[in-house]
Amino acid sequence: MGEIRTEELLMNIGPQHPSTHGVLRVVVKVDGELIVDADPVVGYLHRGTEKLAEDLQYTQIIPYTDRMDYLSSMVNNHAIVNAVEKAMDLQIPERAEYMRIIVVELNRLMSHLVFLGTYLLDLGAMTPFLYAFADREKIVEFFNRLCGARLTYNYMRIGGVKWDAPNGWLDDVREFVPYMRKQFDMFHELVTGNEIFLQRVKGIGQFDTETALNFAMSGINLRSTGFNWDLRKNKPYSIYDRFDFDVIVGENGDCFDRYMCHMKEMVESLKIVEQALEQIPEGPVMGKVPKIIRVPAGEYYSAIEGTRGELGVYIVSEGKDKPYRLKFRRPSFVNLQLLPQLLKGQSMANLIAILGAVDIVLGEVDA
(Lines give C-alpha, C1' and ligand atoms only; values in the text may rest on other atoms or scores of the structure.)
Protein backbone atom coordinates (compact mmCIF):
# COMPACT_ATOMS: atom_id res chain seq x y z
CA MET A 1 0.00 0.00 0.00
CA GLY A 2 1.47 3.41 -1.03
CA GLU A 3 2.11 6.29 1.33
CA ILE A 4 -0.49 9.03 1.63
CA ARG A 5 1.07 12.20 0.25
CA THR A 6 0.02 15.67 1.28
CA GLU A 7 0.89 19.03 -0.21
CA GLU A 8 1.38 22.31 1.57
CA LEU A 9 -1.42 24.81 1.02
CA LEU A 10 -1.52 28.59 1.46
CA MET A 11 -4.64 29.93 3.19
CA ASN A 12 -5.85 33.41 4.06
CA ILE A 13 -7.34 33.96 7.51
CA GLY A 14 -8.97 37.37 7.28
CA PRO A 15 -8.83 40.27 6.72
CA GLN A 16 -12.63 40.09 6.75
CA HIS A 17 -13.11 37.57 9.53
CA PRO A 18 -14.71 38.19 12.94
CA SER A 19 -12.12 36.14 14.83
CA THR A 20 -9.20 38.28 13.67
CA HIS A 21 -10.69 41.14 15.76
CA GLY A 22 -10.35 43.68 12.99
CA VAL A 23 -8.90 43.76 9.52
CA LEU A 24 -5.91 41.47 10.16
CA ARG A 25 -4.84 39.05 7.46
CA VAL A 26 -2.79 36.00 8.41
CA VAL A 27 -1.33 34.05 5.48
CA VAL A 28 -0.81 30.52 6.79
CA LYS A 29 0.97 27.63 5.13
CA VAL A 30 -0.64 24.38 6.22
CA ASP A 31 0.26 20.75 5.82
CA GLY A 32 -3.02 19.00 6.44
CA GLU A 33 -4.28 20.47 9.72
CA LEU A 34 -0.87 21.65 10.95
CA ILE A 35 0.50 25.17 10.45
CA VAL A 36 3.94 25.16 8.85
CA ASP A 37 4.35 28.93 8.67
CA ALA A 38 2.31 32.06 9.32
CA ASP A 39 2.71 35.64 8.16
CA PRO A 40 0.56 38.43 9.69
CA VAL A 41 -0.28 41.12 7.12
CA VAL A 42 -1.17 44.47 8.68
CA GLY A 43 -1.90 47.96 7.44
CA TYR A 44 -5.52 47.67 6.29
CA LEU A 45 -6.61 50.14 8.99
CA HIS A 46 -3.67 52.55 8.75
CA ARG A 47 -4.74 56.20 9.05
CA GLY A 48 -1.40 57.95 9.42
CA THR A 49 -1.98 59.23 12.95
CA GLU A 50 1.69 59.91 13.65
CA LYS A 51 2.21 61.83 10.41
CA LEU A 52 -1.02 63.80 10.83
CA ALA A 53 0.15 64.84 14.32
CA GLU A 54 2.95 66.89 12.76
CA ASP A 55 0.32 69.33 11.44
CA LEU A 56 -1.80 69.38 14.60
CA GLN A 57 -1.52 71.40 17.79
CA TYR A 58 -0.97 69.20 20.82
CA THR A 59 -4.56 69.46 22.06
CA GLN A 60 -5.81 68.56 18.58
CA ILE A 61 -3.92 65.26 18.70
CA ILE A 62 -6.04 63.92 21.59
CA PRO A 63 -9.09 62.89 19.47
CA TYR A 64 -6.79 60.96 17.12
CA THR A 65 -5.53 58.83 20.01
CA ASP A 66 -9.13 57.77 20.70
CA ARG A 67 -9.11 55.91 17.41
CA MET A 68 -5.95 53.88 18.01
CA ASP A 69 -6.92 51.29 20.62
CA TYR A 70 -10.58 52.21 20.34
CA LEU A 71 -11.45 49.85 23.21
CA SER A 72 -9.22 51.92 25.54
CA SER A 73 -9.73 55.50 24.38
CA MET A 74 -9.37 57.01 27.87
CA VAL A 75 -6.04 55.22 28.30
CA ASN A 76 -4.80 56.60 24.98
CA ASN A 77 -5.87 60.11 25.99
CA HIS A 78 -3.90 59.70 29.21
CA ALA A 79 -0.75 58.67 27.32
CA ILE A 80 -0.56 61.78 25.13
CA VAL A 81 -1.51 64.34 27.80
CA ASN A 82 0.86 62.75 30.32
CA ALA A 83 3.73 62.96 27.82
CA VAL A 84 3.12 66.65 27.04
CA GLU A 85 2.65 67.56 30.71
CA LYS A 86 5.93 65.88 31.68
CA ALA A 87 7.77 67.67 28.88
CA MET A 88 6.34 71.03 29.99
CA ASP A 89 6.61 70.26 33.72
CA LEU A 90 2.96 71.18 34.29
CA GLN A 91 1.15 70.82 37.61
CA ILE A 92 -2.15 68.93 37.44
CA PRO A 93 -4.97 69.60 39.95
CA GLU A 94 -5.51 66.78 42.44
CA ARG A 95 -9.15 66.24 41.50
CA ALA A 96 -8.26 65.97 37.83
CA GLU A 97 -5.65 63.29 38.62
CA TYR A 98 -8.24 61.27 40.52
CA MET A 99 -10.82 61.64 37.75
CA ARG A 100 -8.23 60.40 35.27
CA ILE A 101 -7.44 57.32 37.35
CA ILE A 102 -11.12 56.48 37.80
CA VAL A 103 -11.93 56.67 34.08
CA VAL A 104 -8.71 54.94 32.99
CA GLU A 105 -9.26 51.96 35.28
CA LEU A 106 -12.94 51.74 34.32
CA ASN A 107 -11.80 51.78 30.69
CA ARG A 108 -9.27 49.00 31.41
CA LEU A 109 -12.12 47.00 32.93
CA MET A 110 -14.29 47.68 29.86
CA SER A 111 -11.56 46.51 27.51
CA HIS A 112 -10.94 43.32 29.49
CA LEU A 113 -14.67 42.58 29.40
CA VAL A 114 -14.54 42.82 25.61
CA PHE A 115 -11.59 40.41 25.66
CA LEU A 116 -13.52 38.01 27.89
CA GLY A 117 -16.67 38.07 25.77
CA THR A 118 -15.07 37.93 22.33
CA TYR A 119 -12.44 35.35 23.31
CA LEU A 120 -15.08 32.97 24.57
CA LEU A 121 -17.14 33.66 21.45
CA ASP A 122 -14.09 32.76 19.34
CA LEU A 123 -13.91 29.44 21.17
CA GLY A 124 -17.59 28.71 20.62
CA ALA A 125 -19.30 29.98 23.79
CA MET A 126 -22.12 32.46 23.27
CA THR A 127 -23.44 33.05 26.80
CA PRO A 128 -20.31 34.68 28.37
CA PHE A 129 -20.24 37.15 25.48
CA LEU A 130 -23.74 38.37 26.32
CA TYR A 131 -23.01 38.74 30.04
CA ALA A 132 -19.68 40.48 29.46
CA PHE A 133 -21.17 43.03 27.09
CA ALA A 134 -24.14 43.65 29.39
CA ASP A 135 -21.71 44.61 32.17
CA ARG A 136 -19.55 46.63 29.77
CA GLU A 137 -22.63 48.59 28.77
CA LYS A 138 -23.01 49.87 32.32
CA ILE A 139 -19.55 51.49 32.12
CA VAL A 140 -20.31 52.81 28.64
CA GLU A 141 -23.30 54.61 30.12
CA PHE A 142 -21.08 56.14 32.82
CA PHE A 143 -18.78 57.53 30.13
CA ASN A 144 -21.72 58.72 28.04
CA ARG A 145 -22.97 60.73 31.02
CA LEU A 146 -19.48 62.07 31.70
CA CYS A 147 -18.44 63.22 28.24
CA GLY A 148 -21.31 62.55 25.83
CA ALA A 149 -19.65 59.70 23.94
CA ARG A 150 -19.71 55.92 24.05
CA LEU A 151 -16.47 54.88 22.34
CA THR A 152 -14.16 57.77 21.43
CA TYR A 153 -14.19 60.15 24.37
CA ASN A 154 -11.76 63.05 23.85
CA TYR A 155 -12.14 63.63 27.60
CA MET A 156 -8.67 64.50 28.83
CA ARG A 157 -6.93 67.81 28.34
CA ILE A 158 -3.34 68.94 28.76
CA GLY A 159 -3.51 70.22 32.33
CA GLY A 160 -6.53 68.22 33.49
CA VAL A 161 -9.84 66.91 32.17
CA LYS A 162 -12.55 68.54 30.10
CA TRP A 163 -15.38 68.33 32.65
CA ASP A 164 -15.89 67.42 36.28
CA ALA A 165 -18.15 64.49 37.13
CA PRO A 166 -21.87 65.35 36.86
CA ASN A 167 -24.09 65.23 39.95
CA GLY A 168 -24.50 61.70 41.29
CA TRP A 169 -21.94 60.21 38.88
CA LEU A 170 -19.33 59.32 41.49
CA ASP A 171 -22.01 57.78 43.74
CA ASP A 172 -23.29 55.63 40.89
CA VAL A 173 -19.76 54.41 40.12
CA ARG A 174 -19.34 53.64 43.83
CA GLU A 175 -22.46 51.42 43.70
CA PHE A 176 -21.22 49.69 40.55
CA VAL A 177 -18.00 48.40 42.18
CA PRO A 178 -19.57 45.77 44.53
CA TYR A 179 -22.02 44.73 41.80
CA MET A 180 -19.16 44.04 39.40
CA ARG A 181 -17.21 42.11 42.03
CA LYS A 182 -20.09 39.65 42.36
CA GLN A 183 -20.21 39.21 38.60
CA PHE A 184 -16.72 37.70 38.58
CA ASP A 185 -17.95 34.78 40.69
CA MET A 186 -20.51 34.08 37.98
CA PHE A 187 -17.91 34.35 35.20
CA HIS A 188 -15.54 31.94 36.95
CA GLU A 189 -18.36 29.47 37.56
CA LEU A 190 -19.48 29.77 33.95
CA VAL A 191 -16.07 29.67 32.23
CA THR A 192 -12.94 29.05 34.28
CA GLY A 193 -13.72 25.48 35.34
CA ASN A 194 -15.34 24.46 32.06
CA GLU A 195 -13.63 21.30 30.74
CA ILE A 196 -14.04 22.21 27.09
CA PHE A 197 -12.59 25.68 27.67
CA LEU A 198 -9.62 24.25 29.57
CA GLN A 199 -8.89 21.80 26.74
CA ARG A 200 -8.76 24.71 24.29
CA VAL A 201 -6.41 26.97 26.30
CA LYS A 202 -4.26 24.94 28.75
CA GLY A 203 -0.74 24.57 27.39
CA ILE A 204 -1.68 26.28 24.11
CA GLY A 205 0.30 29.25 22.72
CA GLN A 206 2.95 28.90 25.42
CA PHE A 207 6.12 31.00 25.63
CA ASP A 208 8.60 31.87 28.38
CA THR A 209 9.85 35.12 29.87
CA GLU A 210 13.06 35.16 27.84
CA THR A 211 11.10 34.92 24.60
CA ALA A 212 8.70 37.65 25.70
CA LEU A 213 11.56 39.99 26.59
CA ASN A 214 13.42 39.23 23.35
CA PHE A 215 10.31 40.30 21.45
CA ALA A 216 9.90 43.41 23.67
CA MET A 217 6.47 42.24 24.80
CA SER A 218 4.75 43.96 27.70
CA GLY A 219 1.49 43.98 29.60
CA ILE A 220 -0.40 40.75 30.25
CA ASN A 221 1.52 38.90 27.53
CA LEU A 222 4.74 39.47 29.50
CA ARG A 223 3.25 39.05 32.96
CA SER A 224 1.59 35.75 32.00
CA THR A 225 5.09 34.21 31.88
CA GLY A 226 5.70 35.08 35.54
CA PHE A 227 7.61 38.32 34.98
CA ASN A 228 6.43 41.00 37.41
CA TRP A 229 6.41 44.24 35.43
CA ASP A 230 3.70 46.89 35.51
CA LEU A 231 4.54 50.55 34.95
CA ARG A 232 1.90 51.57 37.49
CA LYS A 233 4.05 49.84 40.14
CA ASN A 234 7.57 49.71 38.71
CA LYS A 235 7.66 53.28 37.36
CA PRO A 236 4.69 55.00 39.00
CA TYR A 237 3.18 57.92 37.11
CA SER A 238 0.21 60.15 37.84
CA ILE A 239 -0.90 59.21 41.40
CA TYR A 240 -0.71 55.41 41.15
CA ASP A 241 1.75 55.30 44.06
CA ARG A 242 -1.15 56.23 46.36
CA PHE A 243 -3.12 53.05 45.70
CA ASP A 244 -2.82 49.54 47.07
CA PHE A 245 -3.19 46.93 44.33
CA ASP A 246 -1.45 43.77 43.15
CA VAL A 247 0.38 43.11 39.90
CA ILE A 248 -1.09 39.91 38.48
CA VAL A 249 1.39 37.41 37.05
CA GLY A 250 0.99 33.95 35.56
CA GLU A 251 3.21 30.88 35.60
CA ASN A 252 3.19 29.10 32.25
CA GLY A 253 2.72 31.84 29.66
CA ASP A 254 -0.08 29.96 27.90
CA CYS A 255 -3.53 31.06 26.74
CA PHE A 256 -5.08 30.03 30.06
CA ASP A 257 -2.66 32.21 32.05
CA ARG A 258 -3.42 35.18 29.81
CA TYR A 259 -7.13 34.60 30.36
CA MET A 260 -6.63 34.44 34.15
CA CYS A 261 -4.47 37.58 34.15
CA HIS A 262 -7.28 39.45 32.41
CA MET A 263 -9.82 38.18 34.92
CA LYS A 264 -7.73 39.06 37.98
CA GLU A 265 -6.63 42.44 36.61
CA MET A 266 -10.28 43.49 36.43
CA VAL A 267 -10.56 42.90 40.18
CA GLU A 268 -7.45 45.03 40.76
CA SER A 269 -8.88 47.83 38.59
CA LEU A 270 -11.98 47.82 40.79
CA LYS A 271 -9.74 48.12 43.87
CA ILE A 272 -8.03 51.18 42.39
CA VAL A 273 -11.36 52.78 41.42
CA GLU A 274 -12.75 52.16 44.90
CA GLN A 275 -9.73 53.77 46.59
CA ALA A 276 -9.80 56.71 44.17
CA LEU A 277 -13.47 57.31 44.97
CA GLU A 278 -12.67 57.38 48.69
CA GLN A 279 -9.72 59.75 48.31
CA ILE A 280 -10.92 62.19 45.60
CA PRO A 281 -10.80 65.78 46.87
CA GLU A 282 -12.84 68.79 45.87
CA GLY A 283 -11.29 71.39 43.62
CA PRO A 284 -10.72 72.40 40.01
CA VAL A 285 -10.23 69.87 37.20
CA MET A 286 -8.05 72.08 34.97
CA GLY A 287 -4.71 73.55 35.89
CA LYS A 288 -3.09 76.75 34.67
CA VAL A 289 -1.75 76.12 31.19
CA PRO A 290 -0.73 78.49 28.40
CA LYS A 291 -3.40 79.29 25.82
CA ILE A 292 -1.08 77.88 23.18
CA ILE A 293 0.73 74.70 24.21
CA ARG A 294 4.40 74.71 23.22
CA VAL A 295 6.65 71.84 24.27
CA PRO A 296 10.24 73.02 24.92
CA ALA A 297 12.69 72.06 22.18
CA GLY A 298 14.12 68.59 22.69
CA GLU A 299 13.27 64.90 22.64
CA TYR A 300 10.93 63.32 25.17
CA TYR A 301 9.64 59.82 25.88
CA SER A 302 6.90 58.98 28.33
CA ALA A 303 5.07 55.69 28.86
CA ILE A 304 2.04 54.48 30.78
CA GLU A 305 0.65 51.01 31.48
CA GLY A 306 -1.86 50.67 28.68
CA THR A 307 -4.51 47.99 28.55
CA ARG A 308 -2.28 45.84 26.33
CA GLY A 309 1.14 46.81 27.62
CA GLU A 310 3.56 49.72 27.56
CA LEU A 311 1.93 52.57 25.66
CA GLY A 312 4.68 55.07 24.95
CA VAL A 313 4.78 58.51 23.36
CA TYR A 314 7.99 59.84 21.80
CA ILE A 315 7.99 63.56 20.97
CA VAL A 316 10.59 65.53 19.05
CA SER A 317 9.91 69.24 19.55
CA GLU A 318 11.35 72.39 18.04
CA GLY A 319 9.61 74.53 20.64
CA LYS A 320 6.60 75.19 18.42
CA ASP A 321 2.89 74.54 18.99
CA LYS A 322 3.11 71.34 16.93
CA PRO A 323 5.46 68.37 17.28
CA TYR A 324 8.26 68.06 14.74
CA ARG A 325 7.88 64.31 15.09
CA LEU A 326 5.58 62.12 17.16
CA LYS A 327 5.79 58.35 17.55
CA PHE A 328 3.62 55.98 19.58
CA ARG A 329 4.94 52.75 21.04
CA ARG A 330 1.86 50.64 20.41
CA PRO A 331 1.82 47.43 22.48
CA SER A 332 -0.60 45.60 20.17
CA PHE A 333 1.83 46.07 17.27
CA VAL A 334 4.82 44.91 19.33
CA ASN A 335 3.03 41.90 20.84
CA LEU A 336 1.82 40.72 17.43
CA GLN A 337 5.42 40.04 16.36
CA LEU A 338 5.48 36.75 18.25
CA LEU A 339 2.42 35.31 16.48
CA PRO A 340 4.30 33.47 13.65
CA GLN A 341 6.49 31.68 16.21
CA LEU A 342 3.49 30.75 18.35
CA LEU A 343 1.55 29.30 15.42
CA LYS A 344 4.22 27.05 13.90
CA GLY A 345 3.39 23.41 14.50
CA GLN A 346 -0.07 24.20 15.90
CA SER A 347 -3.32 22.93 14.45
CA MET A 348 -5.60 25.30 12.57
CA ALA A 349 -8.13 24.95 15.39
CA ASN A 350 -5.64 26.53 17.80
CA LEU A 351 -4.90 29.55 15.58
CA ILE A 352 -7.91 31.51 16.77
CA ALA A 353 -7.32 30.54 20.42
CA ILE A 354 -3.71 31.76 20.27
CA LEU A 355 -4.45 34.97 18.35
CA GLY A 356 -7.34 35.88 20.65
CA ALA A 357 -5.23 35.42 23.80
CA VAL A 358 -2.55 37.83 22.51
CA ASP A 359 -5.39 40.41 22.67
CA ILE A 360 -4.61 42.88 19.91
CA VAL A 361 -6.67 45.78 18.62
CA LEU A 362 -6.04 46.54 14.96
CA GLY A 363 -6.57 50.28 15.40
CA GLU A 364 -3.50 50.24 17.62
CA VAL A 365 -1.53 47.83 15.40
CA ASP A 366 -1.91 50.04 12.32
CA ALA A 367 -2.38 53.54 13.85
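Atom set for the values below is all heavy atoms of this structure, side chains included, hydrogens, waters and symmetry mates excluded.
- D321 and Y58 get closest at one heavy-atom pair: O-CD1, 3.3 Å.
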Begin with the C-alpha distance, continue with both residues' side-chain angles, and end with the deciding distance and a verdict on side-chain contact (heavy atoms from CB on, under 4.5 Å) for D172 and R145. CA-CA 11 Å; D172 291 342; R145 286 168 56 191; 2.8 Å; yes
For the pair E85 and S302, evaluate side-chain contact (heavy atoms from CB on, under 4.5 Å) and give the outcome as yes or no after the intermediate values. CA-CA 10 Å; E85 288 161 358; S302 173; over 6 Å; no
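- Summarising the geometry, atom CE belonging to M263 is positioned 4.0 Å from atom NE2 belonging to H188; distances are rounded to the nearest 0.5 Å.
- Taken to the nearest 0.5 Å, the CD1 atom of I101 stands 11.0 Å off from the CG atom of L106.
- Judged by distance alone, with hydrogens and angles left aside, the side-chain atoms of R95 form a donor-acceptor pair with the main-chain N or O of P281 at under 3.5 Å.
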CA sep, side-chain torsions, deciding dist, call: F207, F215, ring-ring contact (aromatic ring centres under 6.0 Å, His included): CA-CA 11 Å; F207 55 88; F215 278 83; 8.7 Å; no
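- Of all the heavy atoms in K162 and R157, the pair that sits closest is CD-NH2, 3.2 Å.
- Separating the CD1 atom in I102 from the CD1 atom in I272 is a distance of 11.5 Å, to the nearest 0.5 Å.
- Figure legend: K86 and Y237 shown without cation-pi pairing, the cationic atom not lying both under 6.0 angstrom from the six-membered ring centre and within 45 degrees of its axis.
- A donor-acceptor distance shorter than 3.5 angstrom exists from the side chain of T209 to the backbone of T225, with no hydrogens or angles considered.
- The residues E268 and R232 are annotated as not salt-bridged, no charged nitrogen and carboxylate oxygen being separated by less than 4.0 angstrom.
- Look at K138 and D135 and you find no salt bridge, because none of the NZ, NE, NH1 or NH2 atoms lies under 4.0 Å from a carboxylate O.
- Within 6.0 Å of OH on Y324 lie no more than 12 heavy atoms contributed by other residues, nucleotides or ligands.
- Residues L355 and I220 fall into different hydrophobic clusters, defined by Ile, Leu, Val, Met, Phe, Trp and Tyr side chains chained together at heavy-atom separations under 4.5 Å.
- Of the possible polar contacts, one joining the T20 side chain to the H17 backbone as a donor-acceptor pair under 3.5 Å is found.
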Could you walk me through whether R258 and D359 pass the salt bridge (charged side-chain N to carboxylate O under 4.0 Å, His left out) test, one step at a time? CA-CA 9 Å; R258 289 191 278 286; D359 190 22; over 6 Å; no
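- Q279 and Y98 share a donor-acceptor pair across their side chains, judged by distance under 3.5 Å alone.
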For D171 and R174, what are the C-alpha separation, side-chain angles and deciding distance, and is it a salt bridge (charged side-chain N to carboxylate O under 4.0 Å, His left out)? CA-CA 5 Å; D171 293 331; R174 193 173 285 109; 2.8 Å; yes
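- Judged by distance alone, the side chain of R181 and the main-chain N or O of V267 form no donor-acceptor pair under 3.5 Å.
- In this structure, N167 places its CG atom where only 12 or fewer heavy-atom neighbours from other residues, nucleotides or ligands lie under 6.0 Å away.
- Both V27 and L45 are part of a single hydrophobic cluster, where members link through side-chain heavy atoms under 4.5 Å apart.
- Taking CD from Q57 and CD1 from I293, the interatomic distance works out to 9.0 Å, rounded to the nearest 0.5 Å.
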Under the criterion ring-ring contact (aromatic ring centres under 6.0 Å, His included), I'd like the reasoning laid out for Y259 against Y119: C-alpha separation, chi angles, the key distance, then a yes or no. CA-CA 9 Å; Y259 159 79; Y119 191 51; 7.3 Å; no
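- Looking only at atom types and distance, the side chain of E364 has a donor-acceptor partner in the side chain of S332 under 3.5 Å away.
- The closest side-chain donor-acceptor pair between T211 and N214, if any, does not fall under 3.5 angstrom.
- Using a 3.5 Å distance cut-off with no hydrogens or angles, the side chains of N76 and Y64 do not pair a donor with an acceptor.
- Residue V28 comes nearest to A38 through the heavy atom pair CG1-CB, 4.0 Å, listed as atom of the first residue, atom of the second, then distance.
- Taken together through direct or relayed side-chain contacts under 4.5 Å among Ile, Leu, Val, Met, Phe, Trp and Tyr, M11 and L342 form part of one hydrophobic cluster.
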Working for side-chain contact (heavy atoms from CB on, under 4.5 Å), residues M110 and V140: CA-CA 8 Å; M110 280 174 63; V140 169; 3.6 Å; yes
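- Heavy-atom minimum distance, I248 versus C261: CG2-CA, 3.9 Å.
- Using a 4.5 Å cut-off on side-chain heavy atoms (C-beta onward), W163 and C147 make contact.
- Taking the six-membered ring for Trp and thresholds of 30 and 60 degrees, F115 and H262 have nearly parallel ring planes, at less than 30 degrees apart.
- Hydrophobic cluster membership differs between F129 and V191, with clusters built from Ile, Leu, Val, Met, Phe, Trp and Tyr side chains linked at under 4.5 angstrom.
- Look at R223 and E305 and you find a salt bridge, because one of the NZ, NE, NH1 or NH2 atoms lies within 4.0 Å of a carboxylate O, short of that distance.
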Checking M74 against T307 for the side-chain contact (heavy atoms from CB on, under 4.5 Å) test, could you report, in this order, the C-alpha distance in whole Å, the side-chain angles of both residues, the deciding distance, and whether it holds? CA-CA 10 Å; M74 290 288 193; T307 307; over 6 Å; no
Take K320 and E54, measure what salt bridge (charged side-chain N to carboxylate O under 4.0 Å, His left out) needs, and give me the verdict at the end. CA-CA 11 Å; K320 299 179 181 178; E54 295 173 16; over 6 Å; no
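- Other residues, nucleotides and ligands place more than 12 heavy atoms under 6.0 Å from the CZ atom of F133.
- The closest donor-acceptor contact from the side chain of S317 to the backbone of V295 lies under 3.5 Å.
- Residue K29 places its NZ atom among 12 or fewer non-hydrogen atoms of other residues, nucleotides or ligands, all under 6.0 Å distant.
- Counting heavy-atom neighbours within 6.0 Å of L130 CG, excluding the residue itself, gives a total above 12.
- Atom CZ of R329 is separated from atom CD of E310 by 4.5 Å, given to the nearest 0.5 angstrom.
- Among all heavy-atom pairs drawn from R200 and A349, the shortest one is NH2-O, 2.8 Å.
- Salt bridge absent: E195 and K202 never bring a charged side-chain N and a carboxylate O closer than 4.0 Å.
- Under the 3.5 Å distance criterion, with hydrogens and angles disregarded, a donor-acceptor pair is assigned to the side chains of T65 and N77.
- Using a 4.0 Å cut-off between charged nitrogen and carboxylate oxygen, E274 and K271 do not count as a salt-bridge pair.
- A cation-pi arrangement is absent between K264 and F184 under the rule of less than 6.0 angstrom and at most 45 degrees off the ring axis.
- Within a 6.0 Å sphere centred on CD of E251, heavy atoms belonging to other residues, nucleotides or ligands number 12 at most.
- More than 12 heavy atoms of other residues, nucleotides or ligands lie within 6.0 Å of CD in Q60, so this atom counts as buried by the packing criterion.
- In the hydrophobic clustering of this structure, L123 groups with Y131; members are Ile, Leu, Val, Met, Phe, Trp, Tyr whose side-chain heavy atoms approach within less than 4.5 Å, directly or through other members.
- Here CG of L56 is found 6.0 Å from CD1 of I61. Values are rounded to the nearest 0.5 Å.
- Inspection of the S238 and E97 side chains reveals an N or O donor paired with an N or O acceptor under 3.5 Å.
- With 3.5 Å as the limit, one finds a donor-acceptor pair spanning the side chains of E105 and Y240.
- I354 and G205 get closest at one heavy-atom pair: CG1-CA, 3.8 Å.
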